[in-house]
Every structure is written in C-alpha cells, then in structure tokens.
Number of protein chains: 2
Amino acid sequence: MNATATTPSLPAIPDTLTRSVEDYLKAIYRLSPEGQPASTSDIAHLLELSAPSVSGMVKRLSELGLLEHVPYKGVQLTDAGRRAALRMVRRHRLIEAYLVQFLGYGWDTVHAEAERLEHAVSDPLVERMAAALGHPVADPHGDPIPDADGAIHEPACTPLAGMSVGDTAEIRRVDERDAERLRYLASLGLVPGVAVTLRDRQPFGGPVTVEASGERHVIGPELAQVVLVRSEGDR
Amino acid sequence: MNATATTPSLPAIPDTLTRSVEDYLKAIYRLSPEGQPASTSDIAHLLELSAPSVSGMVKRLSELGLLEHVPYKGVQLTDAGRRAALRMVRRHRLIEAYLVQFLGYGWDTVHAEAERLEHAVSDPLVERMAAALGHPVADPHGDPIPDADGAIHEPACTPLAGMSVGDTAEIRRVDERDAERLRYLASLGLVPGVAVTLRDRQPFGGPVTVEASGERHVIGPELAQVVLVRSEGDR
DNA sequence: ACCTTGATTTAGGCTAGCCTAATAATTTCA
DNA sequence: TGAAATTATTAGGCTAGCCTAAATCAAGGT
Ligand SMILES: [Mn+2]
Ligand SMILES: [Mn+2]
Ligand SMILES: [Mn+2]
Ligand SMILES: [Mn+2]
C-alpha cells in the first residue's frame with residue numbers, strides 16, 4: 001500500500017562485486033583517467049573480450065549505478081564506480097609491491113599474479129601489506145598507489161619518445177603488461193629512478209638513442225612510448 | 001574416418017579447475033581421509049549447498065574423472081581427484097602459516113582469508129611462501145601440510161574427549177573452522193604444543209576438567225571433541 | 001512382503017558471463 | 001550529400017553453478 005510513485009526499482013550496488021565486474025571497472029578507469037568516456041571497443045580490446053560481451057556488461061553496470069552509459073557514445077565511471085575502481089588499483093599495486101619486496105618476485109612477473117590476487121584479498125590483508133611495506137607511494141613499475149580513501153596523485157610524466165635530443169630526464173613509470181618487454185628494459189637498466197639522456201633520434205619514426213648509467217642504447221619508437229619520464233624542468 | 005570404436009568422448013580434466021570444483025574436491029577429501037565414500041548430504045552440509053546442487057556437481061566431476069560415483073552410495077576421489085585435493089590442502093595450510101608468521105594474522109581469522117586466497121595463488125607463489133617459512137610441516141591449527149608431491153603424514157591424534165582421567169597428552173590439532181571457538185581456546189591456553197592433563201569427567205556427556213599450564217578449565221564435551229591430542233603412549 | 005522414512009536424484013528454472021551472427025547507428029569521405 | 005567503413009547494439013545460444021519441487025531409491029520395522 002505504498003502510494004508513492006517510485007522509479008522502476010533500481011537494483012542497488014551489491015556489497016561484493018564479481019571478479020569480472022572488478023576488472024571491467026579497473027579497465028574503464030585506466031581508459032579514462034581524466035573522465036572522458038571510454039569506448040566499448042577499447043574496453044573489449046583491453047580485456048580481450050568481444051564487443052557484444054562488453055555492451056552487455058556495460059548495460060548491467062550502468063543499471064547498477066557504477067557507470068553512466070550514453071549508447072554509441074561511451075561510458076564514464078560514476079563516483080561509486082570510480083571508488084570501486086580505485087580500490088582495485090590500490091590492491092593491485094600494493095600486492096605487486098609486496099610480492100617484489102618480500103617474496104622475491106621480479107617486476108616482469110608480478111602483474112599476472114596481482115591480476116588474480118587483487119580479487120581474493122580482504123581489505124584488512126591489503127592494509128597489513130601496506131603497513132609491512134611502509135605505505136609506499138608507487139608500485140614496482142612506478143605506478144602511483146591510491147590511498148585507502150581513493151585519493152591518487154598521478155605524477156606528471158611524458159613518454160621518453162617525446163624528449164628532445166640532449167635532454168636529461170628521470171625514468172618514472174613503465175607499462176607493466178608485457179613481461180618480456182619489462183625483462184628487456186631491465187636488462188638495459190631502464191628502470192624507474194634512473195636518469196636518461198636522449199642522445200639521438202632518427203627521423204620518420206626511427207629509433208632513439210638514450211644514455212643511462214654511462215651506457216648507450218638504441219631503442220625502437222614504440223618502446224620509447226611506454227617508458228614515461230619526468231623531465232628536469234617538470235618539477 | 002576413425003573406425004576404432006571409442007567410449008563416448010570422455011571429457012578430459014581441464015588444466016585449471018574452478019573455485020567451486022576446488023572446494024568440492026577439498027571437502028570430499030576432508031570427509032574421507034581414509035578413502036571411504038562420502039555422502040551427498042555430508043558434502044552439501046559441509047559446503048552449505050543444497051543436495052541437488054551437489055548431485056549435479058558430483059555427476060560432472062565423475063565424468064571428468066576426478067571422482068568415482070556409485071549412485072545412492074557415495075563418492076570417492078580418484079587418484080587425479082586426490083592429487084588436486086591435496087594441492088588445495090597444501091595451499092590452504094601454507095597460506096595460513098604465512099599470514100600468521102609474516103602478516104600478523106591470528107589463528108582465528110586466517111582460515112577465512114585462506115579459503116579465498118587458495119584459489120588465486122600460483123604454484124610458484126605457494127612455493128615461495130613455503131620457502132620463506134622454512135617448509136613447515138603443520139599450519140597454525142596443527143593440521144599437517146602435504147609436500148609438493150602430495151605426500152602427507154597425518155599424525156596419530158585422538159579427541160581430548162577420549163582421554164582417561166589422570167592421563168596427560170599434548171594438544172596437536174584444533175578444528176579451524178569456527179573463529180569464535182578458536183579465540184576461546186586460545187584464551188584458555190589450549191593451543192597446539194601445550195601439555196594437558198585430564199582431571200575430571202562428568203558422566204552422561206557432561207563437561208571435562210583439564211589442567212594446562214598450571215590452570216584448570218572446565219570445557220564442554222563438543223569442544224573436547226574438536227581438540228585433538230597425542231597421548232604420551234602414542235609415540 | 002509392505003510401508004514408512006530419509007537420502008538421493010531428476011526436472012525445471014534462474015543468473016552471470018561469455019560467444020557469434022545479424023542489425024543498426026555513426027562517422028568518414030568521395 | 002550519400003555510400004562505405006567503422007563502431008555499437010540486439011538477438012540468440014552456450015556453460016557453470018546455484019536453487020526449489022517432485023520423483024525415486026534404499027532401508028528398517030511390522
Ligand atoms: Mn584482475
Ligand atoms: Mn604495476
Ligand atoms: Mn576455498
Ligand atoms: Mn588450518
């Protein structure tokens with residue numbers, strides 16, 4: 001006998017999200033750090049799923065209030081969605097840091113392990129790991145770790161590919177997803193914290209030559225794109 | 001053009017099992033340590049599922065070759081099933097030991113955490129934890145840890161409830177599943193490694209009085225049933 | 001031998017997530 | 001502006017896992 005006309009029974013956000021949902025939210029966050037809409041096909045590509053699967057999930061998640069979806073335009077996280085996404089980002093990066101620090105993992109293998117563990121750890125365990133690490137601000141790849149309230153500081157970084165010849169900068173962040181690429185970069189000594197100087201750039205998308213720790217290396221343009229640096233000037 | 005008459009295409013055991021399947025195998029192992037058949041309703045009760053759900057899963061798992069099922073009689077693990085179950089038991093107990101040793105967990109809270117993590121860790125991570133712990137032989141509840149090949153030594157234990165008045169024995173093992181019960185036992189000092197002497201037993205399923213670390217405690221019969229001891233004689 | 005009871009299985013249904021094939025909307029470009 | 005190409009959605013189907021209700025089997029007692 002409730003006479004108030006309500007909107008047609010919106011489902012509430014469940015207290016525990018599934019592994020799939022958590023990965024979707026994390027992917028959408030990654031695709032739109034500034035909040036611009038993410039496209040169905042970009043999400044599908046990142047998660048290695050078909051576009052119709054993503055369309056279906058996007059519909060469900062927007063009905064749950066985790067996303068705003070404008071058909072044919074893209075999706076944006078709501079506040080609740082962004083909170084949930086940042087919670088996963090914090091878990092992922094803290095787990096990576098913990099495994100490297102305390103269990104001898106290398107930066108090339110931690111990502112795959114964290115991709116599964118992030119869904120299985122409890123909040124108290126995450127916080128115990130954070131405490132054991134001394135509350136680090138970045139993971140082994142240089143990616144910043146949001147605090148427990150979801151606040152995150154993305155340091156200003158530009159691709160190494162964008163440096164000018166003669167410039168010196170510090171490596172800050174490296175894309176974590178390709179283990180082989182990470183091993184190669186480590187073998188060259190191109191890891192976060194290292195100072196690099198651009199010594200040469202070949203035209204027409206050619207390779208660049210960088211100097212780091214006294215050694216010179218010629219690296220291809222797409223590699224130079226995923227290594228992010230902070231230039232001397234950007235303080 | 002294959003003319004050989006084959007049995008109707010038995011599905012092979014998948015290389016990765018689902019969380020549900022892993023928990024079923026672990027439950028069946030626990031219900032039949034000696035290999036006697038486990039009943040549908042016991043499995044359902046242990047996993048808190050309906051009996052029809054268990055019937056359905058049992059059918060699938062026996063088609064996969066992980067179980068032998070005699071309808072209306074019960075199930076037994078095959079060699080492959082027991083191997084998979086012991087792998088999960090090893091993971092569960094090593095994770096518990098690791099969390100207690102290195103992350104400040106208590107014996108009352110580790111079980112719930114391990115119940116989820118056991119499905120998410122990789123084999124290499126399990127082995128790294130084992131190495132960090134120095135390859136322990138028992139978890140925080142006194143449960144023995146199978147080795148990486150699945151060999152397990154179940155120490156001879158009897159319920160504290162079975163002791164005779166005047167006997168002295170060492171606490172070896174305590175059922176891990178009820179966090180509140182574990183906290184209570186710890187508050188009485190009744191933990192693995194402690195020597196206890198039975199001082200009194202009331203008839204008709206009444207409580208028993210035990211002496212441990214110089215203190216006497218009166219405990220109910222069902223509690224005395226889940227605390228396992230090794231008597232002096234059982235060496 | 002039959003009947004009752006409890007355990008078990010079968011029947012039928014639901015959700016979450018994935019897929020492919022077909023359709024529809026949008027954008028691009030001649 | 002009007003195809004063509006791209007992107008997205010809808011339609012329909014599948015598996016894994018769970019559920020309740022109904023049917024069936026196994027035992028034990030009379
Ligand atoms: Mn993940
Ligand atoms: Mn990382
Ligand atoms: Mn489990
Ligand atoms: Mn245990």
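Labels below follow one simple rule: chain letters A, B, ... track the order of the sequence lines, proteins then strands, and each chain is numbered from 1. Remember, it's a predicted structure, so these values are computed and weren't measured experimentally.
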Report the residue (L17(A) or K73(A)) whose heavy-atom-nearest nucleotide on DNA chain C is the more 5′ of the two.
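Looking at the nearest nucleotide for each, L17(A) comes out on the 5' side.
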
5'-most contact on DNA chain C: P71(A) or S20(A), nearest heavy atom basis?
S20(A)

What is the distance, to the nearest angstrom, from the [atom1] atom on [X] to the [atom2] atom on [N]?
| X | N | atom1 | atom2 | answer |
| --- | --- | --- | --- | --- |
| E63(A) | dT9(D) | CD | P | 13 Å |
| L49(A) | dC19(C) | CG | C1' | 10 Å |
| H69(A) | dA8(D) | NE2 | P | 9 Å |
| D42(B) | dA7(C) | CG | C1' | 11 Å |
| L47(B) | dC18(D) | CG | C1' | 12 Å |
| E48(A) | dC19(C) | CD | P | 10 Å |
| H119(A) | dG17(C) | NE2 | P | 12 Å |
| D23(A) | dA16(C) | CG | C1' | 15 Å |

Nearest to the side chain of [X], heavy atoms from C-beta on, is which of [options]?
| X | options | result |
| --- | --- | --- |
| A51(B) | dT9(C), dG17(D), dC19(D) | dT9(C) |
| Y72(A) | dT26(C), dA27(D), dC19(C) | dT26(C) |
| S41(A) | dA8(D), dT20(C), dC18(D) | dA8(D) |
| S55(A) | dA25(C), dT10(D), dT24(D) | dT10(D) |
| P52(A) | dG17(C), dA21(C), dG17(D) | dA21(C) |
| Y24(A) | dC18(C), dC18(D), dA8(D) | dC18(C) |
| S53(A) | dC19(C), dC18(D), dT9(C) | dC19(C) |

Looking across every strand, which nucleic acid part, if any, lies under 4.0 Å from [X] by heavy atom: base, sugar-phosphate, or nothing?
| X | answer |
| --- | --- |
| S50(A) | base |
| H45(A) | nothing |
| T40(B) | sugar-phosphate |

pair V89(B)-H92(B): side-chain heavy atoms closer than 4.5 Å
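Side-chain contact under 4.5 Å: no.
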
Check whether the side chains of E113(A) and S122(B) place a donor and an acceptor atom closer than 3.5 Å, and report yes or no.
yes

Will you find, in the side chains of H119(B) and D23(B), an N or O donor that is under 3.5 Å from an N or O acceptor?
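Yes.
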
Is the shortest side-chain N to carboxylate O distance from D123(B) to R91(B) below 4.0 Å?
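Here D123(B) pairs with R91(B) in a salt bridge, since their nearest N and O are under 4.0 Å apart.
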
Check this for me: E127(B), atom CD, are more than 12 non-hydrogen atoms of other residues, nucleotides or ligands nearer than 6.0 Å?
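Yes, CD of E127(B) has more than 12 neighbouring heavy atoms, counting only those of other groups under 6.0 Å.
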
